[in-house]
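The chains referred to below are lettered A, B, ... by the order of the sequence lines, with proteins before strands, and numbering in each begins at 1. Below, all heavy atoms of this structure are taken into account, side chains as well, without hydrogens, waters or symmetry copies.
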2 protein chains.
Amino acid sequence: MRASELFSEINEQPAALQRFLDAESANVARIAAPIGRADVRYIVIAARGTSDNAATYAKYVFASFNRLPVALATPSLYTLYRTPPRLEGALVIGISQSGESPDIVAVVEEARRQNAPTLAITNFADSPLARAADHVVLQHAGEEKTIAATKTYTTQLCALALLSTALADDRARRAELDAVPDAVARTLALSDAAEFAASRWAIVTTMLVIGRGYNYATAFEIALKLKELAYVTAEPFSSADFLHGPIAVIQGGYPVLMVAPRGRVFDDLLDVARQLKARGADLVMISDAADALAPSRAPLALPVALPEWLSPLVAVVPGQLLAYHLTAAKGYDPDHPRGLTKVTRTL
Amino acid sequence: MRASELFSEINEQPAALQRFLDAESANVARIAAPIGRADVRYIVIAARGTSDNAATYAKYVFASFNRLPVALATPSLYTLYRTPPRLEGALVIGISQSGESPDIVAVVEEARRQNAPTLAITNFADSPLARAADHVVLQHAGEEKTIAATKTYTTQLCALALLSTALADDRARRAELDAVPDAVARTLALSDAAEFAASRWAIVTTMLVIGRGYNYATAFEIALKLKELAYVTAEPFSSADFLHGPIAVIQGGYPVLMVAPRGRVFDDLLDVARQLKARGADLVMISDAADALAPSRAPLALPVALPEWLSPLVAVVPGQLLAYHLTAAKGYDPDHPRGLTKVTRTL
């Protein structure tokens with residue numbers, strides 16, 4: 001197979017993450033001070049697509065470690081409906097690698113009009129989003145040439161994690177972040193295992209992806225990669241919501257990917273895995289725990305166990321690799337998904 | 001075909017909605033007063049499954065008319081992780097028809113511990129959720145015997161709409177609510193059209209459901225019914241998120257249901273419909289607008305146009321009917337979906 005730009009960018013993630021931590025740590029510490037002085041009671045995040053999955057990760061991080069509830073903005077209220085809510089007490093964060101989507105920019109602009117503190121997480125310093133916000137955290141991912149976001153996703157997760165440690169002035173968690181680039185580098189060794197899992201699923205057109213807690217976001221992001229690249233209708237679920245109805249679709253041979261690294265939600269996911277096996281689902285597991293990997297015929301064994309709050313930074317990697325290899329196995333072009341453009345401008 | 005309990009309950013919705021409005025209007029007006037006096041800056045809602053779709057509707061209603069942002073709670077932070085956020089400034093609402101799910105109860109109990117005002121929307125006055133909350137809005141839907149929620153969904157929407165009018169002391173919108181039971185009754189006449197649409201899709205196992213704005217919730221709820229009842233992997237999207245990647249899965253003959261009643265997001269949905277047709281998707285439209293219905297080979301023409309903020313109460317009905325008829329066309333039992341129970345207890 002000829003060299004794929006996507007595969008290169010997946011492999012650039014350790015370098016991008018290291019570059020981000022080196023370049024932005026001081027800036028984020030500086031930004032945290034004025035935000036800490038504002039009367040912030042909760043956070044509103046505006047984002048679309050992959051960035052929205054990073055926002056889902058943020059819900060868990062900011063609630064757990066900063067005790068701040070996170071609301072995902074509904075941009076159409078700011079654009080099409082023109083009935084934005086009051087944002088008193090909110091810190092408003094816009095996340096967009098391009099910084100171009102007008103709906104995301106509109107939320108941040110409205111927040112500034114209302115004098116709420118605003119922050120942009122973007123890969124482009126001169127983008128409309130960066131210009132609209134009080135504070136900017138740059139991703140330093142380097143240009144992402146392919147359509148499907150990979151290194152811009154993990155650098156967004158890293159930016160949110162870093163911001164959480166800075167807002168809490170938490171040096172212990174800040175130190176844990178330093179292990180991320182190397183952990184991602186070692187996780188890239190799962191490419192062959194992902195290729196094997198992809199070979200078994202080469203004719204799959206529908207599947208489910210299940211995660212919970214911090215890795216609820218990982219399930220969403222892997223499902224999005226599978227849709228964008230391999231044209232698989234992959235639907236993401238939390239294991240709890242899954243039991244409230246959707247489990248009915250499962251029958252013998254139904255392909256299910258589970259994201260289950262060790263942590264507080266692990267037993268819960270293991271229980272769902274047992275129910276899925278009992279119904280004959282074809283399970284592929286992403287985990288660092290032997291008992292989770294055992295029932296899977298194509299296990300994706302995470303070689304490094306990061307603390308649970310950072311596990312999404314490694315757990316997404318085998319999913320990116322699976323989507324890449326599945327795309328190749330199906331004979332599609334991973335660098336040019338049909339009908340997508342790098343920058344999507346929605347209102 | 002023998003009489004189905006589900007079909008009966010779908011048809012009971014006008015009576016259930018009228019019963020709800022008659023029984024709860026005075027109570028909700030009374031509840032609004034103390035909540036109005038509290039320093040409420042935003043709302044947190046805890047819900048699962050169908051009730052979570054009602055919560056999505058609430059995001060639009062409370063932001064537009066009460067200017068209150070809504071955050072959907074992440075219950076695992078309260079249960080498995082035991083790191084609940086601070087809820088100062090929040091009104092916390094739990095929605096559950098049974099009032100039994102421990103994770104939803106846990107969020108409301110934590111809010112009470114923190115002295116945040118709490119409200120339960122449930123069908124059962126003596127449920128754990130009702131006992132945990134400061135204020136209770138009862139759905140009065142009558143017992144729902146089948147697994148798939150229908151009349152308990154529309155009465156939850158109606159409860160949220162009524163609460164919004166009471167919190168805003170908005171008599172004009174309160175008067176608009178009185179038209180809902182009759183509008184739902186007239187929309188039930190779409191059963192034959194839904195049966196025709198179902199007959200065309202009898203072998204479908206994968207589809208997408210697209211809505212936006214107020215009817216983003218409708219897309220989620222119809223997709224859930226299709227999964228629970230007809231075992232179709234139906235994935236819901238906002239038209240904006242859909243363009244940020246997932247549109248790649250569409251090819252000739254791909255089944256897509258769109259929820260597009262007239263309103264502020266209508267032109268946006270019509271534009272997505274054109275893109276879908278250009279890719280050869282097999283489109284079924286729920287709308288009250290002739291230009292939206294025209295490209296659909298199995299149109300579901302809403303006979304009554306409610307104001308946009310109330311349109312989800314009618315727009316979901318043809319989706320319920322489609323799910324019911326598709327289940328029958330596939331030879332499944334609509335009253336007893338495999339592997340589901342009426343009350344799901346998750347942590």
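Most heavy-atom pairs under 4.5 Å with chain A: of the set A73(B), P84(B), G263(B), P337(B), this distinction falls to P84(B). No other option in V44(B), L243(B), V232(B), T205(B) has as many heavy-atom pairs under 4.5 Å with chain A as L243(B). Interface summary for chain B: among A90(A), G89(A), A240(A), the most heavy-atom pairs under 4.5 angstrom belong to A240(A). Note on E308(A), R345(A), M207(A), R82(A): by heavy-atom pairs under 4.5 Å with chain B, the leading option is E308(A). Top candidate by heavy-atom pairs under 4.5 Å with chain A, chosen from Q275(B), K59(B), R212(B), is R212(B). Ranked by heavy-atom pairs under 4.5 Å with chain B, the first of R48(A), K225(A), R279(A) is R48(A).
Both the backbone and the side chain of V265(A) come within contact range of chain B, judged by heavy atoms closer than 4.5 Å. Only the side chain of L224(A) comes within less than 4.5 Å of a heavy atom of chain B; its backbone N, CA, C and O stay farther away. Proximity to chain B is absent for every atom of F266(A), based on heavy atoms less than 4.5 angstrom apart. With a threshold of 4.5 angstrom between heavy atoms, A234(B) approaches chain A through N, CA, C or O but not through any side-chain atom. Interface residue S238(B): only side-chain heavy atoms are found under 4.5 Å from chain A. Contact annotation for S101(B): only side-chain heavy atoms (C-beta onward) come within less than 4.5 Å of a heavy atom of chain A. For chain A, no part of I43(B) is nearby; none of its heavy atoms comes within less than 4.5 Å. Using a 4.5 Å cut-off between heavy atoms, L68(B) contacts chain A through both its backbone and its side chain.
Relative ring orientation between Y42(B) and Y42(A) is described as parallel, the plane-to-plane angle staying below 30° on a 0-90° scale split at 30° and 60°.
The minimum heavy-atom distance linking P69(B) with L87(A) is given by the pair CG-CD2, 4.3 Å. Between S76(A) and Y60(B), the shortest heavy-atom contact is OG-CE2, 3.5 Å. The minimum heavy-atom distance between G49(A) and D241(B), with the atom names listed, is N-OD1, 3.7 Å. Contact record, A71(B) with V70(A): CB-O, 3.6 Å, taken as the closest heavy-atom pair.
Side chain of K227(A) to backbone of I247(B): no donor-acceptor contact under 3.5 angstrom is found. No donor-acceptor pair closer than 3.5 Å links the side chain of R67(B) to the backbone N or O of T83(A). One N or O on the side chain of R338(A) and one on the backbone of V249(B) form a donor-acceptor pair closer than 3.5 Å.
Between Y231(B) and Q251(A), the side chains place no donor N or O within less than 3.5 Å of an acceptor N or O (distance only, hydrogens not considered). Residues Y254(B) and T233(A) have side chains that bring a donor and an acceptor to within less than 3.5 angstrom of each other.
For the atom pair D267(B) CG and L80(A) CG, the distance stands at 9.0 Å (nearest 0.5 Å).
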Item to complete: Show the numbers, then the answer: is there a side chain to side chain contact (heavy atoms under 4.5 Å, CB included) between R41(B) and R86(A)?
Response: CA-CA 8 Å; R41(B) 299 194 181 182; R86(A) 273 190 308 129; 5.6 Å; no

